[in-house]
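Working notes, structure below.
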Amino acid sequence: MTEQDVLARIKALVDQEHELRAQAAKGDLDPKAERQQLAELEVMLDQAWDLLRHRRARIDQGESPDGAEPSSPAQVEGYLQ
């Protein structure tokens, strides 16, 4: 997966988030379903951003970015802000 692939994934997830919010605003989506789907999207977004940061850190250290692996949902959700 290249950096462009990761960025494309992030954009697709953000687009999905916007679509969910639009559906909810129109009343086409149950609020409980919206919260659940948004929570899942947030985790996937956190993973994608984390992977991008790992790739860029490897580049800064003179290593191949292809060695970066996605972190687990538990790991990215456990980071302190």
Side-chain angles (χ1 to χ4, degrees):
M1 179 177 269
T2 68
E3 182 167 324
Q4 292 303 323
D5 294 332
V6 177
L7 290 169
R9 173 80 173 139
I10 290 169
K11 182 185 180 323
L13 290 168
V14 169
D15 290 345
Q16 287 178 10
E17 179 183 15
H18 291 167
E19 181 60 29
L20 274 175
R21 291 186 188 279
Q23 288 176 357
K26 290 189 287 186
D28 294 341
L29 188 63
D30 174 61
K32 184 177 178 180
E34 176 197 16
R35 283 190 302 274
Q36 179 182 355
Q37 291 178 25
L38 283 173
E40 292 170 5
L41 280 172
E42 288 173 4
V43 171
M44 290 186 281
L45 271 167
D46 289 345
Q47 286 179 292
W49 282 113
D50 186 64
L51 178 59
L52 186 62
R53 283 190 294 274
H54 283 275
R55 289 180 58 83
R56 289 178 175 173
R58 289 180 65 84
I59 290 170
D60 288 346
Q61 295 173 0
E63 299 175 12
S64 170
D66 296 331
E69 295 288 329
S71 298
S72 71
Q75 184 174 358
V76 297
E77 293 307 298
Y79 290 152
L80 297 176
Q81 297 282 329

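Note that this is a predicted model, so its numbers are computed, not measured. Residues take their numbers from the sequence shown, with the count starting at 1.
- The same ILVMFWY cluster, assembled from side-chain heavy atoms under 4.5 Å apart, contains both Leu52 and Leu45.
- Considering Arg55, Arg53, Arg56, Arg9 as possible partners of Glu3, the one that fulfils the salt bridge (Lys or Arg N to Asp or Glu O under 4.0 Å) test is Arg56.
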| field | Gln23/Leu20 under side-chain contact (heavy atoms from CB on, under 4.5 Å): CA gap, chis, key distance, verdict | value | CA-CA 5 Å; Gln23 288 176 357; Leu20 274 175; 4.2 Å; yes
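- The nearest pair of heavy atoms linking Ala48 to Val6 is O-CG1, 3.5 Å.
- Taking CD of Glu42 as the reference point, atom CD of Glu77 lies at 7.5 Å (rounded to 0.5 Å).
- Of the inter-residue distances, the one linking Gln16 atom CD with Arg21 atom CZ reads 13.0 Å to the nearest 0.5 angstrom.
- Within the 4.5 Å cutoff, no side-chain heavy atoms of Met1 are placed close to those of Pro70.
- A continuous path of hydrophobic side-chain contacts links Leu13 to Leu29 [ILVMFWY only; heavy atoms under 4.5 Å].
- To the nearest 0.5 Å, atom CD of residue Gln75 and atom CG of residue Asp46 are 12.0 Å apart.
- In this structure, the side chain of Asp5 engages the main chain of Thr2 through a donor-acceptor pair within 3.5 Å.
- In this structure, Leu51 is not a member of the same hydrophobic cluster as Ile59, with clusters built from ILVMFWY side-chain heavy atoms closer than 4.5 Å.
- Rounded to the nearest 0.5 angstrom, Leu7 CG and Gln4 CD are separated by 5.5 Å.
- The side-chain heavy atoms of Arg58 and Asp66, taken from C-beta on, include no pair separated by under 4.5 Å.
- Between the CG atom in Asp28 and the CD atom in Glu34 there is a gap of 11.5 Å [rounded to 0.5 Å].
- Between Leu41 and Met44 there is a side-chain heavy-atom pair separated by less than 4.5 Å.
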